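Structure first, commentary second.
Each chain gets a letter, A, B and so on, in the order the sequences are listed, and its residues count up from 1. Everything quoted here is computed from the prediction, not taken from an experiment.
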Amino acid sequence: MTEWFASSDGEISSEQALDIYRVMLTIRSFESAAADLLAGGRLPGFLHLSIGQEGVAAGVCSALGPEDGITTTHRGHGHCIAKGGSVDRMMAELFGRGEGYCKGRSGSMHIMDADAGILGAHAIVGAGLPMAVGAAYSAKVRGERRVAVAFFGEGAVGEGVFHESLNLAALWSLPVVFVCENNRYAELSHVSMHLSAKHVADFGAPYGIPAATLDGNDVLAVASAARKAVGRARDGGGPTLLEFETYRWRGHFEGDPQRYRSRDEVASWQARDPVARFQERLEAGFAVDVAELDRIEREASTAVERAVEWAESLPPAPPTSLLEDVYRSGSA
Amino acid sequence: MPQLKYWQAINQAMAEELERDPATCLLGEDVGAAGGAFGASAKLQERFGEWRVRDTPISEATIVGAALGASMSGLRPIVEVMFFDFMAVAMDQVVNQAAKISFMSAGKYHAPMVVRTMAGTGRGTGPQHGQNLEGWLAHVPGLKVVWASEPADAKGLLKSAIRDDDPVVVIESLALWSRRGEVPEDPDHLVPIGRAAIRRAGRDVTVVSWGAAVHRALAAAAELEPEVDVEVVDLRSLSPLDREGLFASVEKTGRLVVVHEAVGSFGPGAEIASLAADECFDALRAPVRRVTPPFAPVPFPPQLEKAYFPQVTDIVAAVRDVTRRAA
Ligand SMILES: Cc1ncc(C[n+]2csc(CCOP(=O)(O)OP(=O)(O)O)c2C)c(N)n1
């Protein structure tokens, strides 16, 4: 299975490649800006960043259409941006402004966008897997060619819902792709402390789910594997489990003193930067000129700068919003 | 007496009990090598070894269930569930199993286990890390539920919980994590479960609270002085609840305000109000008032948290309201 997923499914156009590049840079600049804002005391709340893992979000979402759905985690900015979430409304949410996705009430860990198919970032580890299974069940019942993707960290394998979701998705042959970002750590614990199997992908076989462990920092490999898995799901072939090996450059949360790992380890993964690697590929393989890449980088950072400027200028979300939306049908 | 922070008192309680009884052990996510997500178990693994202080995968239901099985088989486990909200993941084992072991086995088994969990309230944690669900737990026969507002109680209640032969949920407050206070060094410093503490004696109004809200009740009492003489009762234990202590105070003051950080509907304040109405009907000179958050999920930014959780001004207003009633 791993070989099949690892083999390229053919060239993508340079236009698609540049789109992926733009998404990766937008994620990186959004999260770098958020880190600086938090450190500078301008943002409230908590931040869990995915810098270093952009290849997975951008690669997987490049295989999805607007009708497809995703669920994600406390570390979900990248997935939301890649799935078409607005950096303006995300930034407003981080700032606690009424124009944010949850009217500034929920914060960084809870971005949802019904229009973009973001069924939500959920901060309870494992919570997104059953929801993606349900979205896939809905597609099946309604006869729609939609696919659902659950993004999660390897830590979620500890939760029963991971196993229950795989079992159910396989049993009902649902159009869902389970995407594990194995970034080596769950909070302060190395993967060797919480995972019984060598690879998360090893959990596919017992449920009869095709699975593979792949390099999450090679965005083209991610995109190619995702296209295959999504295509299978769309054509009625059932679920897939993709495990992408990657690494989070920042702490578990911003402010984490990171006593559990060495600077050398972090540096060795930074040397495998998914953004820099893709940039080299673009220059070599796609004959894109450097000026074009620079332009994309500038556009991405300008979009984020504008989002910050706009969000910060807005008034804080008003207390009158506390009781809004608790029920769809009006307050109790 | 030495001054300790709230979290250090918890750390000391666990260290002493691990030392005292080799059957005691600690399980949880990041409790071992890292010493706890918030440092409560700092250095315990070094001292007591990696089996008695054990890092687990992210598996709340299974850790709590395993602690239960271990408690039925000779150990006295402490489980750390990192945030109160994550108790929801473990609720089946807590409610359907642990709480009913003694009853269902006709007393042949019992479950001497502790679940420690953290209320993130007031720290910008938001809708899935900031809830107060003590009412859920106190609603279940077979469970005990305690919550300290001071470092000395954090130590004494936890030690009592560890030595208790029934399952006890110990709720801790992130908002009080660095709060300092005098903590007895006595290795048998036990705060009895089921006994409230009068934090401030007064004649006019009883304000009942627990956890971090106690300190806002005290601030409100100070602000109301000398206009109103407020008695502040720190419940410390929701289940069992110190009925005698509660009734004695209400009999004295004739007025009751309950302040809590859980939402009001079907919450602990309703239980306390009902008990007081039942037992102190003749003494009550005003309706019982509850000061609680609105019936909505917890918001994260500071201005909304402030609007959501009961503040000193809300407590002052409620006390004024019940005192304005004719005597
Ligand atoms: C049910 C539950 N238990 C514990 C936590 C606390 N927690 C937040 S993130 C995390 C680690 C998650 O690790 P992983 O799934 O690998 O994702 P990563 O943080 O590496 O992206 C933990 C234990 C939680 N949010 N939810």
Side-chain angles (χ1 to χ4, degrees), chain A residues 43-46 74 93-98 100 102-110 121-127 153-162 185-191 193-196 252-253 256-257 259-260 315-327 331-332, chain B residues 28-39 42 45 50 54-63 65 81-83 85-90 92-93 120 123-131 174 263-266 293-309 311:
Chain A
L43 270 191
F46 288 82
H74 57 284
E93 186 61 34
L94 267 56
F95 268 103
R97 306 303 201 227
C102 179
K103 301 185 180 173
R105 301 171 302 181
S106 294
S108 151
M109 291 194 286
H110 309 280
H122 298 275
I124 301 299
V125 170
E154 83 291 345
V157 174
E159 296 286 11
V161 284
F162 167 85
Y185 290 89
E187 289 215 335
L188 323 176
S189 290
H190 186 256
V191 61
M193 290 164 67
H194 61 265
L195 195 64
S196 61
H252 167 61
F253 58 95
D256 173 2
R259 286 192 203 96
Y260 49 86
T320 47
S321 69
L322 282 175
L323 282 166
E324 288 169 11
D325 319 303
V326 179
Y327 296 94
S331 58
Chain B
E29 295 152 21
D30 285 324
V31 299
F38 306 102
Q45 189 176 64
E50 61 171 14
R54 193 76 186 152
D55 283 310
T56 69
I58 311 171
S59 313
E60 290 79 10
T62 297
I63 311 163
V81 172
M82 202 179 292
F83 275 99
D85 313 65
F86 311 163
M87 285 295 285
V89 181
D92 168 59
Q93 290 291 332
R123 283 288 177 271
T125 50
Q128 293 179 339
H129 284 66
Q131 297 173 86
L174 192 54
V263 295
S265 297
F266 294 88
F295 196 51
V298 181
F300 93 100
Q303 83 279 4
L304 292 186
E305 262 195 335
K306 227 175 141 211
Y308 181 88
F309 289 112
Q311 302 298 314

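Heavy atoms closer than 4.5 Å to chain A are found in both the backbone and the side chain of Glu60(B). Contacts between His252(A) and chain B at a heavy-atom distance below 4.5 Å are absent for every atom of the residue.
Between the Arg123(B) side chain and the Gly120(B) main chain, no donor and acceptor come within less than 3.5 Å of each other. The closest donor-acceptor contact from the side chain of Asp30(B) to the backbone of Leu188(A) lies under 3.5 Å. Checked by atom type and distance alone, the side chain of Tyr260(A) never pairs as donor or acceptor with a backbone atom of Ala33(B) at under 3.5 Å.
Contacts with chain A were tallied for Val298(B), Leu304(B), Ile58(B); Ile58(B) has the most, counting heavy-atom pairs under 4.5 Å. Per-residue heavy-atom pair counts under 4.5 Å with chain A were compared for Asp85(B), Thr125(B), Thr62(B), and the maximum is reached by Thr125(B). Highest contact tally toward chain B, considering only Gly45(A), Ala123(A), Pro318(A), is held by Ala123(A) [criterion: heavy-atom pairs under 4.5 Å]. Interface check for chain B: of the options Ala127(A), Gly126(A), Ala317(A), the most heavy-atom pairs under 4.5 Å are formed by Ala317(A). Taking chain B as the reference chain and counting heavy-atom pairs below 4.5 Å, the highest number among Met193(A), Arg105(A), His194(A) is found for Arg105(A). Interface check for chain B: of the options Ser106(A), Ser196(A), Gly96(A), the most heavy-atom pairs under 4.5 Å are formed by Ser106(A).
Residues Phe162(A) and Ala156(A) approach most closely at CB-O, 3.4 Å, considering heavy atoms. Nearest heavy atom pair, residue Leu322(A) against residue Pro299(B), reads CD2-CG, 3.5 Å.
If you look at Phe83(B) and Phe38(B), their ring centroids are closer than 6.0 Å.
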